[in-house]
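Side-chain atoms are counted along with the backbone in the values below, which use heavy atoms only and exclude waters and symmetry mates. Counting starts at 1 for both ligands and their atoms, following the listed order. The shown structure was predicted, so the numbers you read here are calculated from the model rather than taken from an experiment.
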Amino acid sequence: MRVDIVTIFPQFFDVLDISLLGKARANGIVDLRVHDLRDATHDRHRTVDDTPYGGGAGMVMRPEPWGETLDGILGAGGASVALGDASTPGDASTDDLASTASDAPTACDASTPLIVFPSPAGNVFTQKTARRYAQEEHIVFGCGRYEGIDQRVFDWAGTRARVELVSLGDYVLNGGEVAVMAMIEAFGRLIPGVVGNPDSLVEESHEGGLLEYPSYTKPAQWRGYDVPDILLSGHHANIAKWRHEQQVERTKRIRPDLYEAWAAAQD
Ligand SMILES: N#Cc1c(N)n[nH]c1-c1ccc2c(Cl)cn(Cc3cccnc3)c2c1
């Protein structure tokens, strides 16, 4: 899998060299490339922003550096696909991603790169999104700053690739870098060969729609707290049953929204 990141803070992603993803890069499982948007500027101050048309506070990211950088990543020709607007149906629902939505790509396939722009106005990133991204051959992440990126970048990019605006959640960040770091970790660990023991991914929170069960390790007693007896019984079937019951109880108590969706899917 190839991953390109466009940002004005390339050093922000240096940390990806020390994580599991660093090993995946070294092993050739992931080809990760970081691009400094300012390298596509041609003025003395390497300007990437300007005042917004129509007035308003803050600055908007200029389209030219984005177009030049994405041209370099996608190749001069690049895929030409007929698309709706940049947004695509989110993965937040429990339904499979609707591939027939009016704003979904109408003439492209998995070999067409996916360009993901973090945005407060994007669809919320979920584990379902992470699973989908882990299947992609080439993802380009466009990290914006200031008040956002000129809309024409999304419109033009949508003629060259599949484009998604994605939000990390309903809170406000200062730019896209933190969101991209989180998304790369979330889908990167799902890529075969990145995590040593893939079995460890199966019973995590949000896999299967339930939160994970509580975990314990040695010592059996700690500051007056004991490990549940069932976990010391060696009875694997009973342990599995107890763990599932814990998952259901925790999900119902902590995330009733997830519980309702999970319960509906059991019927
Ligand atoms: N993903 C996500 C996400 C999230 N969950 N919160 N904020 C963001 C996010 C993503 C991209 C940008 C770009 Cl480009 C500029 N800003 C700053 C900003 C803040 C408020 C209103 N407009 C722009 C971004 C914030």
Inset, instruction - With the side chain counted from C-beta on, respond yes when R132 and K128 share a heavy-atom pair under 4.5 Å apart, and no when they do not. - result: no
Inset, instruction - Using a strict 4.0 Å cut-off to heavy atoms of A179, name the atoms of ligand 1 that fall inside it. - result: 1 (N)
Inset, instruction - Consider every N or O of G169 and every N or O of ligand 1, then say whether any pair is closer than 3.5 Å. - result: yes
Legend entry - NE2/H42: more than 12 non-hydrogen atoms of other groups inside 6.0 Å: yes
Legend entry - Protein heavy atom at shortest distance from atom 24 (C) of ligand 1: G175 CA, 3.6 Å
Inset, instruction - List the steps, then state whether salt bridge (Lys or Arg N to Asp or Glu O under 4.0 Å) holds for E177 with R145. - result: CA-CA 9 Å; E177 284 80 7; R145 283 267 154 172; 2.8 Å; yes
Inset, instruction - Could you pull out, from L173, V172, L165, the option with a heavy atom nearest to atom 25 (C) of ligand 1? - result: L173
Legend entry - Proximal atoms of ligand 1 relative to N174 (non-hydrogen, under 4.0 Å): 16 (N), 17 (C)
Legend entry - Note, V116 side chain near M183 side chain (heavy atom, < 4.5 Å): yes
Inset, instruction - For V166, counting its heavy atoms only, list the atoms of ligand 1 lying under 4.0 Å from any of them. - result: 1 (N)
Inset, instruction - Tell me whether M181 is reachable from V172 by hopping between hydrophobic residues (I, L, V, M, F, W, Y) whose side-chain heavy atoms are closer than 4.5 Å. - result: no
Legend entry - R160 vs D71 side-chain heavy atoms within contact, under 4.5 Å: yes
Inset, instruction - Check whether any N or O atom of R145, backbone or side chain, sits under 3.5 Å from an N or O atom of ligand 1, and answer yes or no. - result: no
Inset, instruction - In plain terms, say whether E245 and K241 are close enough for a salt bridge, that is, a side-chain N and a carboxylate O under 4.0 Å apart. - result: yes
Legend entry - N or O pair under 3.5 Å between G144 and ligand 1: no
Legend entry - Nearest protein heavy atom with distance in Å, relative to atom 11 (C) of ligand 1: P118 O, 3.3 Å
Inset, instruction - List the closest protein heavy-atom neighbour of atom 2 (C) of ligand 1: residue, atom name, distance to the nearest 0.1 Å. - result: L168 N, 3.7 Å
Legend entry - Salt bridge R152-D150, side-chain N to carboxylate O under 4.0 Å: yes
Inset, instruction - Note the single closest protein heavy atom to atom 21 (C) of ligand 1, along with its residue, its atom name and the distance in Å. - result: P120 CG, 4.0 Å
Inset, instruction - Establish, from distance only, whether the side-chain atoms of D4 and H138 form a donor-acceptor pair under 3.5 Å. - result: yes
Inset, instruction - List the closest protein heavy-atom neighbour of atom 17 (C) of ligand 1: residue, atom name, distance to the nearest 0.1 Å. - result: Y146 O, 3.3 Å
Legend entry - Heavy atom of the protein closest to atom 6 (N) of ligand 1 (residue, atom name, distance): Y171 O, 2.6 Å
Inset, instruction - Mind checking whether C143 contacts ligand 1 via backbone (N, CA, C, O), side chain (CB onward), both or neither, at a 4.0 Å heavy-atom cut-off? - result: neither
Inset, instruction - Please state which part of D170 comes within less than 4.0 Å of ligand 1, counting heavy atoms only: side chain, backbone, both or neither. - result: neither
Inset, instruction - Kindly assign one of parallel, tilted or perpendicular to the pair F141 and F187, based on the angle between their ring planes and the thresholds 30° and 60°. - result: parallel
